[in-house]
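To start, the structure itself, in structure tokens.
Excluded from the calculations below are hydrogen atoms, water molecules and symmetry mates; all remaining heavy atoms, backbone and side chain alike, are included. Throughout, a chain's letter reflects where its sequence line sits, starting with A, and its residues are numbered from 1.
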Amino acid sequence: MMRRDFCDPGGAPTAQVDFAALRRKQEELAARVVLQDRLGPVRLVAGTDLSAGPYAPTVWASVVVFAWPGLELVDSASVVCEDPFPYRTGLLGFREVPPLVSAFERLSRWPDLAIVDGQGLAHPRRFGLACHLGLELDLPTIGCAKSRLVGEPGDPLGDTAGAAVPMLDAGERIGYVVRGRAGCKPLWVSPGHRVSAELALEWVRLLLGPYRLPIPQREAHRLANRARRGESPATRVNGP
DNA sequence: GCGACAG
DNA sequence: ATCTTGTCGC
């Protein structure tokens, strides 16, 4: 069983979770995040996502692994478990990291890089989901969110696929807003762990297909949804 | 008090 | 995140 050092919300019922303490925990962990390129040759690139029902206290987490270049699907894994933690803005990692780690544990091919559905550095405490998952797995990660959390674009964004402008917050460049596809709402791309902002942008551009989302992210999303609808198998795992 | 607010 | 039909546009 893989170690999960940075996820324990305290084990208390949700009504008495100490949110302030978890925010402080994020501030501590943020100091450990590596924002330089510390990764080898990328031969396998993963996409990750989580799917949840409206009321069911259950979540489905999926990871897909693609060969690079070529983007052939070489591995995937899905798990289903009790929802570990209620969604709270800024605390997404405490909800999604445990199921995602369980899904990674079921992979037979370990990726060199993962695209995560959510923010990385572009977070109030510079510790978005992609940083959290990357640190937990010691895996290079990139945050690719479908909407903004913090910061403002430094310039107007063009409508061509691949167009990008820096996102600024408190005088820092926290990532980029990126047009995944012409005519679509953009993506918010930021470093997760062991990847720089520049390389994060480069990889998201390389992985863009004819859709709004990068291919691995889109496929992870589809797989998690199929798992939730019972159309694809998912391994039942225990609580966080 | 008001507005913002990843998934 | 999820609930949902049709509809506008390339």
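Within 4.0 Å of A:G183, counting heavy atoms only, lies no atom of the nucleic acid at all. The residue A:R181 sits apart from the nucleic acid: no heavy atom pair falls under 4.0 Å. At the heavy-atom level, A:L91 lies under 4.0 Å from base atoms of the strands shown.
A perpendicular orientation is assigned to the rings of A:F19 and A:F85, their planes being inclined by more than 60° (bins at 30° and 60°).
Cation-pi geometry between A:R218 and A:Y211 is met: the NZ or CZ atom falls under 6.0 Å from the ring centre, inside 45° of the normal. Within the cation-pi definition used here (under 6.0 Å to the ring centroid, within 45° of the axis), A:R88 does not qualify as a partner of A:F94.
Note: A:W188 and A:Y176 fail the aromatic proximity criterion, with ring centroids not under 6.0 Å apart.
Atom CG in A:L149 sits roughly 5 Å away from atom P in B:dA6 (whole-Å rounding). Nucleotide C:dA1 holds its C1' atom 19 Å from the CZ atom of A:F94, rounded to whole Å. Atom CZ of A:R125 and atom C1' of B:dC5 are 12 Å apart (whole Å). In this entry the distance linking NE2 of A:H123 with C1' of B:dG7 reads 12 Å, nearest Å. Rounded to an integer number of Å, the gap from A:L121 CG to B:dA6 P is 17 Å. In this structure, A:R229 places its CZ atom 14 Å from C1' of C:dT4, rounding to the nearest Å. Taking atom CD1 of residue A:I115 and atom P of nucleotide B:dG7, one finds them 15 Å apart after rounding to whole Å. Atom P of nucleotide B:dA6 and atom CZ of A:F127 are separated by 18 Å, given to the nearest angstrom.
The backbone N or O of A:R43 lies less than 3.5 Å from a partner atom in the side chain of A:D112, making a donor-acceptor pair. Under a 3.5 Å cut-off, the side chain of A:E219 and the backbone N or O of A:V63 do not form any donor-acceptor pair. At least one donor-acceptor pair closer than 3.5 Å links the side chain of A:R106 to the backbone N or O of A:S102. In this structure, A:T235 contributes its side chain and A:V79 its backbone to no donor-acceptor pair below 3.5 Å.
For C:dT2, the OP1/OP2 oxygens have a side-chain nitrogen or oxygen of A:N225 closer than 4.0 Å. A close approach under 4.0 Å does occur between a side-chain nitrogen or oxygen of A:R228 and OP1 or OP2 of C:dT2. OP1 or OP2 of B:dG7 has at least one side-chain nitrogen or oxygen of A:S147 nearer than 4.0 Å.
Here the side chain of A:H221 is nearest to one of B:dC5, C:dT2, B:dG7, namely C:dT2. Of all nucleotides listed (B:dC5, C:dC3, B:dG7), B:dG7 comes nearest to the side chain of A:D49. Across B:dG7, B:dA6, C:dT2, the shortest atom-to-atom separation from the side chain of A:S51 is found for C:dT2. Closest contact between the side chain of A:P54 and the listed nucleotides B:dG7, C:dC3, B:dA6 involves C:dC3. Looking at the side chain of A:R148, the nearest of the listed nucleotides B:dC5, B:dA6, C:dA1 is B:dC5. Set against B:dA6, C:dA1, C:dT2, the side chain of A:K146 has C:dA1 as its closest nucleotide.
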For DNA chain B, just give me the dot-bracket, please: Watson-Crick or G-U, both distances below 3.5 Å, ( ) intra-strand, [ ] crossing earlier pairs, | paired with another strand, . unpaired. .......

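Ring-to-base geometry places A:Y87 in a stacked arrangement with B:dG7 (centre distance under 5.5 Å, plane angle under 30°).
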